[in-house]
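Position 1 is the first residue of the sequence, and the numbers go up from there.
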Amino acid sequence: MLSGQILDAMITSCENAKSVLRQAAIDPSDRKTLNISMGATVAAEFLGRTPEALSKAEARGRLPAPKTAANGRRFYTVEDLIAIREALGIKMGKLPEERAVVLATQNFKGGVSKTTTAKHLADYLGLRGYRVLVVDCDPQASMSVMFDVNLEALVDETHTLSNFLSPRIDEADSLRKTIQRTCWPNIDICPANLGLQDTEWELTATIEEGPTAIAGAFRMLRIGLEEVRYDYDVVILDPPPAMGFLGVNTLTAADGLLIPVPARQLDYLSTIHFMQTCREAMELVSKFDSSIDYGFIRIVCTMFQPSRTNEAQMLQVMEKTYAGQMLSTPILLSEEVKNAGLSMSSIYEINKPYGSHQTYTRCRDNLNMVFREIEKDICKQWPSRMAQLGTDRLTEAA
């Protein structure tokens, strides 16, 4: 059998297996649904209120009575959180005249939990009430799979991110047409597909067309996002693990960078190379566009195991060398995150822990602490929220 036939046979077999795995993960529906339920304590945390405040508002008729499970436990859904914010006048995100913050989770070292971190951050922000757009810029499309995008349906679709970014296709003139709804009421996605790999090659070909074509190729995603910058609060970019034209597009489009780095020596050394490459890419882009300036750059330690002495020591090195840009809380390695991924979900999307409830709660609380730091960095990019944060600090001091 020829090599091509062998590959064709394996592809067919894998596609069949993928369908089986997908049905097992999402059964009984053929599309992923959001069935999140949370108790009063968790709901109050995401709302920025106390459980007692919710109970009082419900008792006074400001809020409807919560749903009750068979065991008598009160619970809330994502839709309930949205309705409660509306009823209580809890305003999240930016003002209508302000622009969405574009955040790229970037590191071209594979296996650093880049997509997993971006997915969990998107879900956290969704639970907090922000309007989120996720842009999957990776041809592997892992983020799109996590949001249950039917990639097969994109093969013949003309309005895709790959078509929009392609310098060879003139009719794909709107990024908005590539956006799809997800099962989350306030999270949308621009999905990726394998066509992005072809787009990478087409963008590379612009090198032969001169400086003007190169400048346009670097800015295509940034220009496209301008169309929707007022529709969302946060845009999360999930770039490929490489610094090609797609990677440079995410660097050019972003307002802030989140760089995931495990506390391992090889990952640390690789990230140094990544930062050097980022700097070189920024210098190259600055020849065509001098307006690239990040509001924040943050390093987050991922998959951290504090019981391992070598990782604890490596974390200390990272804290000393990342010049105050490192988040104070590392993301802990957790089987709960791994197991949730098997069902194409984040830990925020599951209701029943795979292990002990204590392990699940510790994992969720850890992620909340990490993402609260990032949320503050995001809010500082909006003048309206910056003023609010200043007022909050004065109140706390008093």
| Can we say K119 and E349 salt-bridge, meaning some charged N sits less than 4.0 Å from an Asp/Glu carboxylate O? | yes

| With D238, which of V135, D136, T117 fulfils side chain to side chain contact (heavy atoms under 4.5 Å, CB included)? | D136

| Judged by modelled atom types alone, do D198 and S162 share a side-chain donor-acceptor pair under 3.5 Å? | no

| query | Does R74 come within less than 4.0 Å of E58, counting only side-chain N to carboxylate O? | reply | yes

| field | Side-chain donor/acceptor of E311 to backbone N/O of Q305, under 3.5 Å | value | yes

| Atom pair CG/CE of L125 and M92 - distance to nearest 0.5 Å | 9.0 Å

| Sub-4.5 Å side-chain heavy-atom contact between P262 and S113 | no

| field | Minimum-distance pair of heavy atoms, taken over all atoms of P306 and L332 | value | CD-CD2, 4.0 Å

| field | Atom pair CG (D377) and CG (L103), whose distance is rounded to the nearest 0.5 Å | value | 9.0 Å

| So, R229 and D255, do they make that salt bridge, N to O below 4.0 Å? | yes

| task | For Q325, look at atom CD and say whether over 12 heavy atoms of other residues, nucleotides or ligands are found less than 6.0 Å away. | result | yes

| remark: To the nearest 0.5 Å, atom OG of S346 lies from atom CG of L367 at 8.5 Å

| task | Not counting sequence neighbours, which residues clear side-chain contact (heavy atoms from CB on, under 4.5 Å) with E79? List them please. | result | T77, P185

| task | Taking the side chain as every heavy atom from C-beta outward, state whether L47 and L81 have any atom pair closer than 4.5 Å. | result | yes

| task | Under the side-chain contact (heavy atoms from CB on, under 4.5 Å) rule, what do N339 and I350 come out as? Steps first, then yes or no, please. | result | CA-CA 10 Å; N339 289 326; I350 62 174; over 6 Å; no

| Heavy-atom distance under 4.5 Å between the side chains of K376 and F296, does that happen here? | no

| remark: Heavy atoms of F75 and D80 approach each other most closely as O-OD2, 4.4 Å

| field | Gap separating the CG atom of N107 from the NE2 atom of H273, nearest 0.5 angstrom | value | 11.0 Å

| remark: Heavy-atom nearest pair, E98 first then S384, reads OE1-OG, 2.8 Å

| message | Quick test of your reading of the model: are E335 and K338 salt-bridged, counting only N-O distances below 4.0 Å? | response | yes

| message | Strictly by ring-ring contact (aromatic ring centres under 6.0 Å, His included), give each pair with a member in residues 350-380 just once, sequence neighbours left out. | response | Y124-F371

| Any F245 side-chain heavy atom under 4.5 Å of L165 side chain | no

| query | Are any side-chain N or O atoms of R85 and backbone N or O atoms of R128, one a donor and one an acceptor, separated by less than 3.5 Å? | reply | yes

| note | Here the pair of heavy atoms bringing L237 nearest to V102 is CD1-CG1, 3.6 Å

| task | Determine yes or no for a side-chain-to-main-chain donor-acceptor pair under 3.5 angstrom, with T302 supplying the side chain and V112 the backbone. | result | yes

| Polar side-chain atom of T182 near backbone of I187 as donor-acceptor pair, under 3.5 Å | yes

| query | Would one find more than 12 heavy atoms of other residues, nucleotides or ligands at under 6.0 Å from atom CD of Q358? | reply | no

| query | Can E336 and T359 be counted as having a side-chain donor-acceptor contact under 3.5 angstrom? | reply | no

| Residue R73 excluded, over 12 heavy atoms near CZ under 6.0 Å | yes

| request: For the residue pair I331 and H120, establish whether any side-chain heavy-atom pair is separated by less than 4.5 Å. | output: no

| request: Check whether any side-chain heavy atom of Q381 sits under 4.5 Å from a side-chain heavy atom of K94, and report yes or no. | output: no

| field | Separation between SG of C301 and CE of M314, rounded to the nearest 0.5 Å | value | 9.5 Å

| query | When you check the gap from the basic side-chain N to the acidic O, do R219 and E226 get nearer than 4.0 Å? | reply | no

| Quick one: are P239 and T105 in side-chain contact, heavy atoms under 4.5 Å? | yes

| task | Output, in order, the C-alpha distance, side-chain angles, deciding distance and verdict of side-chain contact (heavy atoms from CB on, under 4.5 Å) for R176 and D231. | result | CA-CA 10 Å; R176 191 186 302 278; D231 298 343; 2.5 Å; yes

| said: Is any side-chain heavy atom of N368 closer than 4.5 Å to one of F46? | reply: yes

| Does Q180 use its side chain to pair, donor to acceptor, with the backbone of P191 at less than 3.5 Å? | no

| message | Do M318 and I272 land in one hydrophobic cluster if side-chain heavy atoms of ILVMFWY residues count as linked below 4.5 Å? | response | yes

| message | I'd like to know if R298 pairs up with E373 as an ion pair, taking the criterion as any Lys NZ or Arg NE/NH1/NH2 lying under 4.0 Å from an Asp or Glu carboxylate oxygen. | response | no

| remark: One should read off an interatomic distance between I299 CD1 and L327 CG, to the nearest 0.5 angstrom, of 8.5 Å

